[in-house]
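Here is the structure we will look at.
Position 1 is the first residue of the sequence; numbering continues from there. Both counts, for ligands and for their atoms, begin at 1 and track the order of listing. Just so it is clear, the structure is predicted and the values come from calculations on it, not from any experiment.
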Amino acid sequence: MHQAKYKVISIVGARPQFIKLAALHHAIKHEKSIHHVIVHSGQHYDEGLSGSFFKELDIPAPDYNLEIGSATHNMQIARCISALDPLLDQEKPDMVIVFGDTNTTAAGAIAAAKRNIPLSHIEAGLREFDKTIPEEVNKLLTDAVTDLFFVPTAAGIQNLHAAGINKNVFLTGDIALDLLNNLPESNDIMHKLDIVRGQYIFMTCHRDANTSSAKNLEEILLGAAGCGLPVVFTVHPRTIKALQQFGLQELLQEEPNITLEPQGFYDTQHLIKNAAAVITDSGGVIKEAYFHKVHGIITDKQTEWVETVDEGWNSLAGPDKLKIMEAFKNWKIPERHSNCIGDGKAAARIVTEITHFLHARKQKDTHTRATHG
Ligand code: UD1
C-alpha cells in the first residue's frame, strides 16, 4: 500500500527521455507525498538504446511497458495513445509528466489531455520553427495541451510568451544537466578504444533529415573525415540502416576511425568531454558538448539550443562538408560560458512546483466539495 497522497505518471520511450527521467526520479523519490509510476512506451527497445540506461542510471524498471515498437510516426503515436487510454483510466493519476519532443511525448500529452489529467511538460517551450521536423510537430502538439511548463532556457520562455502562454511557466534549466554534475570520475572507455584526449572527434548522427538523405549523410561523413583526426562514431540503428541502404558504409570504416554501437550514458559523456570536437545532430549531445566546454559542430540546419551557438561554443554547420571542416578549423575557445542552459538543479525545482500545484488543486477540490455538499 502506498501512503502517498498523489499519483504521478511519467511517460518515457526514447533514449534522451531515460536520462531526463533518471534526474527526475532521483529527486521525486524523496517527496513522500508522491507515488511515482513509470510507463515505458517501448518506442526504443534495444538494450543499447533502452535497457542499459535503466540499469546504469539506477532507474526502477518501468511499471508498464506498452511495447509500441518501431513504426511510422502516426502509427507510433496511435499505438501509444491506444495503449495509454485504458492505463490512465485504470490508474487515475493526479498528473502525467512527459519529456522532450519524441512521438512518445506527443502521444502521452494527447492521452492525458483527453482524460482531463493535468499535464507537466519537461523541456517545454523549445522551438525549431520548421514543421517538417518531426520533433517540432511533437513540441507544438505537447505545449498546446500542457498545464505546467518546465522550460530549460530563456529562449524557451520567450517562445511561450510569444504564443500567449504565460501561466505556470517555470524557468528550470535543463534537467539532463542534473546528471552531468555528478559524473563518476573513473572511466576506462578511452583506454579500451586506445584514444587520447583532444586527439579525436566524437560523432553522432540520427535525425530524420540526415538519415533519410544520402547526400546529407555523405556530406556529414566526408566533413568529419576532412577534419584530419580519427572519428569515433557511435551509430544509431536507423543510421546503420541508412548507411547500408545508401552504400556509404565504407566511408568511415577504415582506421584510424572507430565505429561503435550506441554507448551508455557515462561512456558517452567521457567521449564527449575528452574530444577535440563533437559533430552531431542530437539536441542532447549539443547540450552536453556545451556543458563540457567542448566545441560542438551541429549538422542540422537549425537548433533549439540557440544560446549555445550565440556564445560560440556550438557552430551551426548543417549537413555541409565544407562548413563542417571550416567550423572545425576556425573555432577559437569563446571568452564566455554563462551556463545558459541551466545550473544542474532543475529536478528539485520541478518537483517543488509539481507538489505545490497538486496541493493547491486538492485544496480547491476539497473546498468545492465542502461548498456543494
Ligand atoms: C527518436 C526521437 C528523437 C530522439 C531519438 C533519440 C521521435 C520522432 N524521434 O528518434 O527525437 O532524439 O529518439 O535516439 O520520436 N530502432 C532500433 N532499435 C530501437 C529503436 C529504434 O533498431 O530500440 C530503429 C528502428 O529501425 C526505427 C528507427 O531506429 O525505425 C528509428 O527509431 P524511432 O524511435 O522511430 O526514432 P529515433 O530515430 O530513435
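The protein heavy atom nearest to atom 35 (O) of ligand 1 is Gln76 NE2, 3.4 Å. Atom 22 (O) of ligand 1 has as its closest protein heavy atom Pro237 CB, 3.1 Å.
In the candidate list Ser70, Ser50, Gly283, Pro262, Ser70 is nearest to atom 27 (C) of ligand 1, counting heavy atoms. With atom 5 (C) of ligand 1 as the reference point, the heavy atom nearest to it among Arg15, Glu47, His206, Met75 is part of His206.
Taking the charged nitrogens against the carboxylate oxygens, Arg127 and Asp143 do have a contact shorter than 4.0 Å, which makes a salt bridge. Note on Arg207 versus Glu135: salt bridge recorded, some NZ/NE/NH1/NH2 to OD/OE distance being below 4.0 Å. Salt-bridge annotation for Asp85 and Lys114: absent, with no side-chain N of the basic residue lying under 4.0 Å from a carboxylate O of the acidic one.
In this structure, Asn330 places its CG atom where more than 12 heavy-atom neighbours from other residues, nucleotides or ligands lie under 6.0 Å away.
Contact annotation for Arg238 and ligand 1: heavy atoms of both the backbone and the side chain come within less than 4.0 Å of the ligand. If you look at Lys241 next to ligand 1, the close heavy atoms, those under 4.0 Å, all belong to the side chain. Contacts of His44 with ligand 1, taken as heavy-atom pairs under 4.0 Å, involve both backbone and side chain. When heavy-atom distances to ligand 1 are checked against a 4.0 Å cut-off, Thr102 comes that close through both its backbone and its side chain.
Backbone and side-chain nitrogen or oxygen atoms of Gln43 are examined, and one is located within less than 3.5 angstrom of a nitrogen or oxygen of ligand 1. Here's the thing with Asp46: one of its N/O atoms is less than 3.5 angstrom from an N/O atom of ligand 1.
Residues passing the ring-ring contact (aromatic ring centres under 6.0 Å, His included) test with His270: none are found, sequence neighbours excluded. Applying the salt bridge (charged side-chain N to carboxylate O under 4.0 Å, His left out) criterion to Asp178, with sequence neighbours excluded, gives no partner residue.
When each atom of ligand 1 is checked for a heavy atom of His73 under 4.0 Å away, the hits are 8 (C). With ligand atoms numbered from 1 in the order given, ligand 1 contributes 13 (O) to contacts under 4.0 Å with heavy atoms of Ala14.
Ring geometry for His337 versus Trp313: interplanar angle over 60°, hence perpendicular rather than tilted (30 to 60°).
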